[in-house]
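All values below were derived from every heavy atom in this structure, side-chain atoms included, with hydrogens, water molecules and symmetry-related copies excluded. Since this is a predicted model, take the numbers as computed values, not measurements. All residue numbers in this chain count up from 1 along the given sequence.
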Amino acid sequence: ARRAGGDEAAGNIDTTGDGPARLFDPGQVRTYERPEQLLADGDVDVVSVCTYTDTHVDLAIAALDAGKHVLVEKPVALTAAEAERLAARAARAWDESRRVCMPAMCIRFWPGWNWLAECIAAGTFGHVRHAVFRRTSPVPDWAPQFYGDLDRCGGALFDLHVHDADFVRWCFGDPTAVHTSGSAPRLTTRYVYGRAPLDDAERGASEEQAPHSVVVSGTWDDAPHAAFNMAFTVEFERAEVDYDFARDPSLLVTRGSGSEAVGLPDVTGYDGEVRHLLAAVAAAERGDPVRLQATVDEAVGLMRMLEAEARSLTSGRPVSLD
């Protein structure tokens with residue numbers, strides 16, 4: 001049914017618009033019964049691995065072995081060791097033939113989220129004091145044999161919370177410790193950062209560089225009619241930034257007593273990550289420098305952090321990343 005383009009598509013975010021729910025036009029899209037058939041097709045330049053998590057690494061490595069560029073969905077794996085296996089092969093593929101392998105960390109490309117990352121990096125509103133990220137999703141029901149098996153999908157920690165965990169690490173670096181509480185489907189992590197003093201010339205506006213607190217909550221909500229949402233509230237020295245996916249306008253900046261909306265492009269992070277990958281592939285093919293906005297090496301570090309969060313969730317105690 002899927003190879004005929006007629007099966008229904010499902011997910012947290014509707015990307016079909018007002019058009020039919022058909023996956024694709026089989027008259028325009030070539031299909032294959034087995035991945036080996038796709039990888040053997042010399043007309044295929046780039047492979048996007050969107051399969052179940054426990055098949056990501058093997059399929060991505062097979063695609064690199066076949067000389068393809070690769071986009072591999074999140075989470076790349078459920079362990080740092082598995083992610084390291086892909087990272088090693090990706091490094092060789094680049095050295096041998098300039099093949100690109102990128103993890104599909106779509107939140108880094110999501111309008112509003114990439115804007116926030118730029119503001120943090122540039123110090124647009126000063127240093128971050130407090131940051132809270134929230135993500136809620138209905139319990140996935142489109143692949144119960146997979147999502148019902150926590151050993152295969154990793155639960156909300158690896159499948160849902162991974163987005164915000166990656167974003168936190170991307171913006172602030174590795175924390176010194178993590179403290180995760182709750183349960184497999186409903187969890188909250190507090191990220192602990194050191195507080196290095198600013199240079200003397202920068203003192204005055206703030207005494208510390210690191211955020212005072214970073215908290216992320218992720219929930220697989222089993223309530224009837226639960227809706228997907230993602231949101232953040234970040235308090236800077238000179239402004240508060242608030243994003244709510246379900247609100248229009250979704251992104252607000254508050255300074256003093258007034259708030260203003262920030263206009264965002266009408267695209268998704270999926271569009272952004274694919275366009276970024278294709279630009280990188282084109283640069284690689286030309287022999288130009290390539291700088292990926294997300295790397296498999298970063299995915300290894302993210303898996304280490306999530307493994308620490310899993311240990312904290314089990315023990316109920318903070319876990320050091322030192």
Side-chain angles (χ1 to χ4, degrees), residues 2-5 7 9 11 13 15-16 22-77 82-111 113-114 159 162-163 166 170 265 267-300 302-303:
R2 285 186 179 273
R3 294 199 305 279
D7 202 15
I13 298 174
T15 58
T16 62
R22 193 178 193 182
L23 291 175
F24 58 85
D25 179 355
Q28 299 294 323
V29 178
R30 192 178 305 171
T31 62
Y32 311 83
E33 183 177 2
R34 301 291 306 163
E36 295 81 7
Q37 295 170 317
L38 182 150
L39 298 181
D41 189 335
D43 290 335
V44 173
D45 299 305
V46 183
V47 172
S48 178
V49 179
C50 307
T51 52
Y52 295 147
T53 303
D54 49 3
T55 67
H56 284 179
V57 171
D58 286 340
L59 285 174
I61 288 175
L64 291 170
D65 288 345
K68 315 299 185 184
H69 302 281
V70 177
L71 180 69
V72 56
E73 262 302 331
K74 64 80 203 168
V76 167
E82 273 292 276
E84 284 174 344
R85 190 159 65 89
L86 177 57
R89 182 64 187 93
R92 292 199 309 275
W94 175 257
D95 291 340
E96 294 165 359
S97 56
R98 290 178 64 87
R99 298 297 94 178
V100 175
C101 182
M102 187 180 99
M105 300 311 302
C106 66
I107 208 65
R108 297 190 182 200
F109 302 88
W110 209 280
W113 296 73
N114 52 7
D159 192 80
V162 61
H163 289 292
D166 175 69
W170 186 42
V267 295
T268 70
Y270 312 131
D271 302 316
E273 70 185 4
V274 169
R275 291 178 185 275
H276 179 79
L277 174 74
L278 294 180
V281 167
E285 299 282 357
R286 293 192 304 267
D288 293 342
V290 172
R291 189 173 188 275
L292 292 175
Q293 190 163 310
T295 69
V296 182
D297 285 339
E298 288 177 303
V300 173
L302 175 61
M303 289 305 104

message: Please evaluate residues K74 and D159 with respect to the criterion side chain to side chain contact (heavy atoms under 4.5 Å, CB included), reporting the C-alpha separation (whole Å), side-chain torsions for both, the decisive distance (0.1 Å), and the verdict.
response: CA-CA 7 Å; K74 64 80 203 168; D159 192 80; 3.8 Å; yes
task: Could you please spell out the steps behind the side chain to side chain contact (heavy atoms under 4.5 Å, CB included) verdict for M303 and V76?
output: CA-CA 8 Å; M303 289 305 104; V76 167; 5.7 Å; no
- prompt: Would V44 and L39 count as a side chain to side chain contact (heavy atoms under 4.5 Å, CB included) if you check the C-alpha gap in whole Å, the side-chain angles of each, and the deciding distance to 0.1 Å?
  reply: CA-CA 7 Å; V44 173; L39 298 181; over 6 Å; no
task: Start with the C-alpha distance between L38 and K68, add both sets of side-chain angles, then the distance that settles side chain to side chain contact (heavy atoms under 4.5 Å, CB included), and finish with yes or no.
output: CA-CA 10 Å; L38 182 150; K68 315 299 185 184; 5.7 Å; no
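In this structure, the separation between CD on Q293 and CE on M102 is 8.0 Å, given to the nearest 0.5 Å. Once rounded to the nearest 0.5 Å, the distance linking SG of C106 with CG of N114 reads 11.5 Å. Interatomic distance, CG of L292 versus CH2 of W94, reported as 7.5 Å (0.5 Å rounding). Rounding to the nearest 0.5 angstrom, the gap separating the CD atom in E285 from the NE2 atom in H69 is 4.0 Å. Here the CD-OG1 distance, from E82 to T53, works out to 11.5 Å after rounding to the nearest 0.5 Å. Between F24 atom CZ and R2 atom CZ the span is 9.5 Å, to the nearest 0.5 Å.
The minimum heavy-atom distance between A90 and V296, with the atom names listed, is CB-CG2, 4.5 Å. The nearest pair of heavy atoms linking I107 to H163 is CG2-O, 3.5 Å. Nearest heavy atoms, L277 versus V70: CD1-O, 4.2 Å. Here the closest non-hydrogen pair linking V100 and A280 is CG2-O, 4.2 Å. Contact between C50 and E73 at its shortest, heavy atoms only, is CA-CG, 4.0 Å. Between A83 and A77, the shortest heavy-atom contact is N-CB, 3.9 Å.
Listed by chain and residue number, nothing satisfies the salt bridge (Lys or Arg N to Asp or Glu O under 4.0 Å) test with D95 (two or more places apart in sequence, or in another chain). The salt bridge (Lys or Arg N to Asp or Glu O under 4.0 Å) test applied to R30 returns D41, D43, not counting sequence neighbours. Qualifying side chain to side chain contact (heavy atoms under 4.5 Å, CB included) partners for L59, counting only residues two or more places apart in sequence or in other chains: P35, V49, T51, T55. Annotation: ring pair (Phe, Tyr, Trp, His ring centres under 6.0 Å) contacts of Y52 (sequence neighbours excluded): F146. Residues satisfying the salt bridge (Lys or Arg N to Asp or Glu O under 4.0 Å) test with D45, not counting sequence neighbours, are none.
Under a 4.0 Å N-O distance rule, the pair R89/E84 does not qualify as a salt bridge. We find that R108 and E298 are joined by a salt bridge, their nearest charged nitrogen and carboxylate oxygen being less than 4.0 Å apart.
Residue R92 places its CZ atom among more than 12 non-hydrogen atoms of other residues, nucleotides or ligands, all under 6.0 Å distant.
Pairs of residues two or more places apart, or lying in two chains, never qualify as ring pair (Phe, Tyr, Trp, His ring centres under 6.0 Å) while including a residue from residues 278-297.
A donor-acceptor distance shorter than 3.5 angstrom exists from the side chain of R98 to the backbone of A284, with no hydrogens or angles considered.
Ring orientation note: the planes of F109 and H276 are tilted relative to one another, at an angle of 30° to 60°.
By the 4.5 Å heavy-atom criterion applied to side chains, T31 and Q37 are not counted as neighbours.
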